[in-house]
Amino acid sequence: MADIRPFPACRPAKGLESEIAALPYDVYSRTEARAYVASHPGSFLSIDRAETTLSPDIDIYDERVYRQAASLLRDWIARRRFVQDPAPCYYVYSQTMAGRTQTGIVACASIDDYNSNIIKKHENTRAEKEQDRIRHVDECSAQTGPIFLCYRSNDVISRVVAKTVSLPPVADFVSEGDVRNRVWVISDQKDCDAVRNAFAGIDSIYIADGHHRCASAVRVGELRRKQKPDYTGEEDFNYFLSVLFPENELRIMDYNRTVHDLNGLTPAELVGKIEEICEVIPGGSAASGDRKAPETEGVMKPSAKGEIGMYLDGSWYLLRIRPQYRSDDPVAGLDVSILQNRILTPILGIGDPKTDTRIEFVGGIRGTKELEQKADSFHGVSFLMYPTSIGELFAVADAGRLMPPKSTWFEPKLLSGLFIHLI
């Protein structure tokens, strides 16, 4: 059963939330991060990506970067830019973007639940990406970016959340991307007990986003256990910072693909080969040259599982996967799997999508114009996916399987520096 416990968060001082809270460290390139911190010196990105505050010739993985991050965090706490709550609490974190709201519980999840697969994964992690955050968490003795978890809806938790959000929030601000962020504190002991007991009755929690941050937090916890062999299991390093959302609060966006060339084929030859796998329905020509054109003009957007939009040589097509190529298998039946296994690999020559430089992944938040522009600039082809569902994510994780890379895109992103778990 899931061990999801309250904790005394270290949070931005009242009124500093909008200045401090920042998008996750990994949404920025090195150049973008340095430019952002230069114009927003009070942003938490200066701690999350501490190389932005050092000389540009210092490697981003240099030991000095992690020492700088820890020094800045200690300084901000000493100057009371961050204030720690006096007792363990749960928190409610709500984000509203484009008229849609997602509301979750901020808490700490157990590294033992991660290792025993109560907290289930659907992606592999890469050691080199883990190592950066391991060093950051270990040096700072703090987890600063929450893991995005989800669970099957629970009436008890929903009632406590509804009661809590009926009160004024302790923080309410708008962040980049016009996202409204609100925070409430659950400090009543009866409510805290109800939430903890409800989670204890849930047998599966799922990582929606943040697999590398999660794995890194777990590795640091295991390292601390080795350093303290008489640990009790109650120490903070045995838990990691999370925001847990019920499944009905979440929406997965499309995660799209652009291939930089046609693998030696003409557009007509590519369409001919794809017709063996999919019914190909021509659409309209895109109006890429007219920046005032509607975002959806000419786009053949998929409206159901089994459909894929394709932009090729200035025109859109709708691909309907033929029945014989569909599958009830939780992984093989994913649209992203069928695209990879039936089109990208055998027709376009994309082997390992994690390492092949001929393919780019474009989050759905960027819109279809970017897919058009990328395909046009490379003389390649773009694929617009129907979003993977939460149910499909659960099915893959429950089967102990892994999704293909870049199968899910969640928006809005959880902000870093809004809650800190000191370990």
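Hydrogens, waters and symmetry mates play no part in the numbers below; they use all other heavy atoms, side chains included.
Using a cut-off of 4.0 Å between Lys/Arg side-chain N and Asp/Glu carboxylate O, Lys305 and Glu392 are scored as salt-bridged. A salt bridge is defined here as a Lys NZ or Arg NE, NH1 or NH2 lying under 4.0 Å from an Asp or Glu carboxylate O, and Arg81 with Glu19 meets this definition. Salt bridge annotation for Arg152-Asp398: present, with a cationic side-chain nitrogen under 4.0 angstrom from a carboxylate oxygen. Salt bridge present: Glu130 and Arg219 bring a charged side-chain N and a carboxylate O closer than 4.0 Å. Remark: Arg5 engages Asp236 in a salt bridge, criterion side-chain N to carboxylate O under 4.0 Å. A salt bridge does not link Glu360 to Arg257: none of the charged nitrogens lies less than 4.0 Å from a carboxylate oxygen.
Within the cation-pi definition used here (under 6.0 Å to the ring centroid, within 45° of the axis), Arg133 qualifies as a partner of Tyr25. With Phe148 as the aromatic partner, Lys413 does not meet the cation-pi criteria of under 6.0 angstrom to the ring centre and within 45 degrees of the ring axis. Cation-pi check for Arg11 over Phe419 is not met; the charged atom does not lie both under 6.0 angstrom from the ring centroid and within 45 degrees of its normal.
Inspection of the Tyr386 and Asp254 side chains reveals no N or O donor paired with an N or O acceptor under 3.5 Å. Counted by atom type alone, Tyr90 and Asp191 present zero donor-acceptor pairs between their side chains at under 3.5 Å. When only modelled atom types and interatomic distance are considered, Asp138 and Tyr66 share no side-chain donor-acceptor pair under 3.5 Å. Defined by atom type and a distance below 3.5 Å, a donor-acceptor pair is present between the side-chain atoms of Ser303 and Glu307. Gln373 and Asp376 share no donor-acceptor pair across their side chains, judged by distance under 3.5 Å alone.
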>> Working note: Leu319 + Phe383, criterion side-chain contact (heavy atoms from CB on, under 4.5 Å); need CA distance, chi angles, decisive distance, verdict.
In response: CA-CA 10 Å; Leu319 312 181; Phe383 296 96; 4.2 Å; yes
>> The test is side-chain contact (heavy atoms from CB on, under 4.5 Å); show your working for Val170 and Tyr91 and say whether it passes.
In response: CA-CA 10 Å; Val170 297; Tyr91 305 86; over 6 Å; no
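Checked against side-chain hydrogen bond (donor to acceptor under 3.5 Å, both in side chains), Thr53 has the following partners two or more places apart in sequence or in another chain: Gln68. Not counting sequence neighbours, the partners of Ser71 by the side-chain contact (heavy atoms from CB on, under 4.5 Å) test are Arg74.
Ring orientation note: the planes of Tyr28 and Tyr36 are tilted relative to one another, at an angle of 30° to 60°. Ring geometry for Tyr255 against Phe361 counts as perpendicular: the plane angle is over 60°, on a 0 to 90° scale with 30° as the lower cut.
Judged by distance alone, with hydrogens and angles left aside, the side-chain atoms of Ser110 form a donor-acceptor pair with the main-chain N or O of Asp113 at under 3.5 Å.
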